[in-house]
Amino acid sequence: MASMAVQLLGFFLGLLGFAGTVVATVLPHWRSTAYVGSNIITATTQMKGLWMECVWHSTGIYQCELYRSLLALPRDLQAARALMVLSCVTSVLASLVSVMGMKCTRFARDSLIKSPLVLSGGICFLCAGLLCLITVSWTTNDVIVEFYDPFLPSGLKYEIGLAVYLGYASACLSLAGGLVLCWSSSADRSRSALHRQRSQPSSPPPPFNNIYPPAPLYKPPEALKDNHAPSLCSLSSNGYRLNNYV
């Protein structure tokens, strides 16, 4: 029962991380306009995301425009798109595999394949979290480097948007869910191995004769069998008496 609760905890952590990754991928709030120097009060706020660019006016109007050309985008933006999409796909695969391997489902119940499926789902959640973490860390580094560039005009500088922070939180949730699932799988495997070892009957000790084989029978040496001196009995048996020679 405790193992099932641990698996559910890891699955829901990974599921929350997957939902946050999808939201962070879709939102345009990856970079927002930085208010530097005299540029404090502005009528518009510009935001850039992976798929669109939005402008918010002080009158309350919110306008967004999708990127029309894929090849015209910077290479870092194209790589960020690919990594986030791959993270989402990996999270979907991790969710499906984890559901099939959890003890609360009927798929392959009482089978040895349950534990490897949970382990595979945990590894997939770990990979998804790492992909998301790499993407948001890369974006954060680019924004900070451009912000402190003295040769870049103030109007072209951006700050870290809310979607990046959401990506950090989602990556941490996915990593935590994957670690919990991997730990649950390893604990189940060790517990099943211990139970299998205890259920096997203990073999009796080997017999004493197999350990110490019997000693061979004593055989007198052939050289001493014919060279011993004749005794009185043997002389009398051959027809000779000692009294005849005394």
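Since this is a predicted model, take the numbers as computed values, not measurements.
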Does [X] reach the side chain of [Y], with side-chain heavy atoms less than 4.5 Å apart?
{"X": "Val26", "Y": "Val23", "result": "no"}
{"X": "Lys157", "Y": "Tyr148", "result": "no"}
{"X": "Ile160", "Y": "Phe147", "result": "no"}
{"X": "Gln7", "Y": "Lys103", "result": "yes"}
{"X": "Leu73", "Y": "Arg81", "result": "yes"}
{"X": "Ser98", "Y": "Leu181", "result": "yes"}
{"X": "Leu119", "Y": "Ser186", "result": "no"}
{"X": "Tyr158", "Y": "Lys48", "result": "yes"}

If hydrophobic clusters are built from ILVMFWY residues whose side chains come within less than 4.5 Å, do [X] and [Y] share one?
{"X": "Leu130", "Y": "Met84", "value": "yes"}
{"X": "Leu83", "Y": "Leu126", "value": "no"}
{"X": "Leu86", "Y": "Val92", "value": "no"}
{"X": "Val136", "Y": "Leu175", "value": "yes"}
{"X": "Trp138", "Y": "Tyr168", "value": "no"}

Going through the distances and angles, do Met47 and Trp56 end up as a side chain to side chain contact (heavy atoms under 4.5 Å, CB included)? CA-CA 8 Å; Met47 292 163 288; Trp56 180 81; 4.1 Å; yes

Do [X] side-chain atoms and [Y] backbone N/O form a donor-acceptor pair below 3.5 Å?
{"X": "Gln78", "Y": "Leu70", "result": "yes"}
{"X": "Ser91", "Y": "Ala128", "result": "no"}
{"X": "Ser174", "Y": "Phe125", "result": "no"}

List the atom of [X], the atom of [Y], and the distance in Å for their closest heavy-atom pair.
{"X": "Leu50", "Y": "Ala80", "value": "CD2-CB, 3.8 Å"}
{"X": "Met100", "Y": "Lys114", "value": "O-NZ, 3.3 Å"}
{"X": "Ser184", "Y": "Val6", "value": "CB-CG1, 3.8 Å"}
{"X": "Gly121", "Y": "Val97", "value": "N-CG1, 3.8 Å"}
{"X": "Leu27", "Y": "Ala163", "value": "CB-CB, 4.2 Å"}
{"X": "Leu8", "Y": "Cys104", "value": "CD2-SG, 3.9 Å"}

For Tyr62, is the OH atom crowded, meaning more than 12 foreign heavy atoms sit under 6.0 Å from it?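 Count over threshold, so yes.
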
How many angstroms lie between [atom1] in [X] and [atom2] in [Y], if you round to the nearest 0.5 Å?
{"X": "Leu66", "Y": "Trp51", "atom1": "CG", "atom2": "CH2", "answer": "10.0 Å"}
{"X": "Leu96", "Y": "Ser120", "atom1": "CG", "atom2": "OG", "answer": "12.5 Å"}
{"X": "Phe12", "Y": "Phe18", "atom1": "CZ", "atom2": "CZ", "answer": "14.5 Å"}
{"X": "Cys88", "Y": "Leu93", "atom1": "SG", "atom2": "CG", "answer": "13.0 Å"}

Let's go through Thr21 and Ser87 carefully: what are the C-alpha distance in whole Å and the side-chain angles of both, what is the deciding distance for side-chain hydrogen bond (donor to acceptor under 3.5 Å, both in side chains) to 0.1 Å, and is it a yes or a no? CA-CA 8 Å; Thr21 303; Ser87 176; 4.5 Å; no

Given the rule in the side chain to side chain contact (heavy atoms under 4.5 Å, CB included) test, do Leu162 and Leu166 qualify, once you have shown the distances and angles that lead to the verdict? CA-CA 6 Å; Leu162 296 177; Leu166 181 59; over 6 Å; no

Can Glu146 and Arg31 be counted as an ion pair, charged N to O under 4.0 angstrom?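 Here Glu146 pairs with Arg31 in a salt bridge, since their nearest N and O are under 4.0 Å apart.
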
Show, in sequence, the C-alpha distance, side-chain angles and deciding distance for Thr45 and Val55, and conclude whether the side chain to side chain contact (heavy atoms under 4.5 Å, CB included) test is met. CA-CA 6 Å; Thr45 300; Val55 177; over 6 Å; no

